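Quick one: the structure is below, and I'll ask about it shortly.
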Amino acid sequence: MDDAQPILALDVDGVISLFGFEGPLAEVPGRFHLIDGMAHCIPDGIGERIGRLADHYDMVWATGWEDRANDRLLEILGLPGELPFLTFDGNARFGSAHWKIAAIDRYAGERPLAWVDDCIDETCQAWAVQRSAPTLLVSTEPDRGLTDSHVDALLSWVRAGYTA
Ligand SMILES: [Mg+2]
């Protein structure tokens with residue numbers, strides 16, 4: 001881990017694996033991949049987006065998938081190797097994110113941190129405000145996931161010395 005780089009805590013469901021989209025199946029926003037017996041819709045181009053972030057951030061999985069995020073996703077996204085992952089002691093709950101805070105806080109310590117998640121809520125925002133190190137929360141829409149504009153915002157934040 002390069003301490004000079006900020007940390008990027010990366011969620012999977014609603015960021016990389018999309019859900020909640022409507023309309024005909026022909027118009028789904030990505031391709032379906034079978035992972036652990038479940039079909040996950042993963043948008044085209046997201047591997048390239050994450051690759052752009054990997055040049056400027058030390059990434060860590062912050063997802064209820066925990067270590068399983070290092071199985072099929074690496075190949076699907078074209079990531080060169082396993083990423084570190086956070087664990088949540090059985091507290092993971094689909095549809096919320098506050099249970100990730102303690103593990104992210106421990107992992108990030110005093111380092112600058114960006115956190116991308118589809119379930120950022122007031123608890124997450126309150127935690128971010130009281131951190132002493134620069135902190136950027138990026139909320140995604142679960143049916144669109146991580147977009148180019150999110151990536152642009154994440155890269156500008158680093159380039160601008162952690163000011164939005
Ligand atoms: Mg999520």
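Quick caveat, the model's predicted, so the values are computed rather than measured. One-based numbering, in listed order, for ligands and for the atoms of each. What's counted below: heavy atoms across the whole structure, side chains too, no hydrogens, waters or symmetry copies. Residue numbers run from 1 in the order of the sequence given.
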* Would you name the N/O/S atom of Asp13 that lies closest to the Mg ion (ligand 1)? =>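 The Asp13 atom nearest to the Mg ion (ligand 1), restricting to N, O or S, is O.
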
- request: Considering just N/O/S atoms, say which atom of Asp118 is closest to the Mg ion (ligand 1).
  value: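 Going through the N, O and S atoms of Asp118 one by one, OD1 ends up nearest to the Mg ion (ligand 1).
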
| said: According to a hydrophobic-cluster definition based on side-chain heavy atoms being under 4.5 Å apart (Ile, Leu, Val, Met, Phe, Trp, Tyr only), do Met59 and Leu73 belong together? | reply: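 Yes, same cluster.
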
Salt bridge check: are Asp152 and Arg52 linked by an N-O gap of less than 4.0 Å?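 Counted as a salt bridge, because a side-chain N and a carboxylate O are separated by less than 4.0 Å.
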
Self-check item: Whether Arg131 side chain and Gly109 backbone form a donor-acceptor pair below 3.5 Å
Solution: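 A pair under 3.5 Å: yes.
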
State the atom name: nearest N, O or S atom of Asp11 to the Mg ion (ligand 1).
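So the atom name we want here is OD2.
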
request  = Tell me whether Asp117 has at least one N, O or S atom under 2.8 Å from the Mg ion (ligand 1).
outcome  =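 For Asp117, the answer is no, given that no N, O or S atom comes within less than 2.8 Å of the Mg ion (ligand 1).
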
Has Tyr57 got a side-chain atom pairing as donor or acceptor with Ala114's backbone, closer than 3.5 angstrom?
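Side chain of Tyr57 to backbone of Ala114, a donor-acceptor pair under 3.5 Å: no, none is there.
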
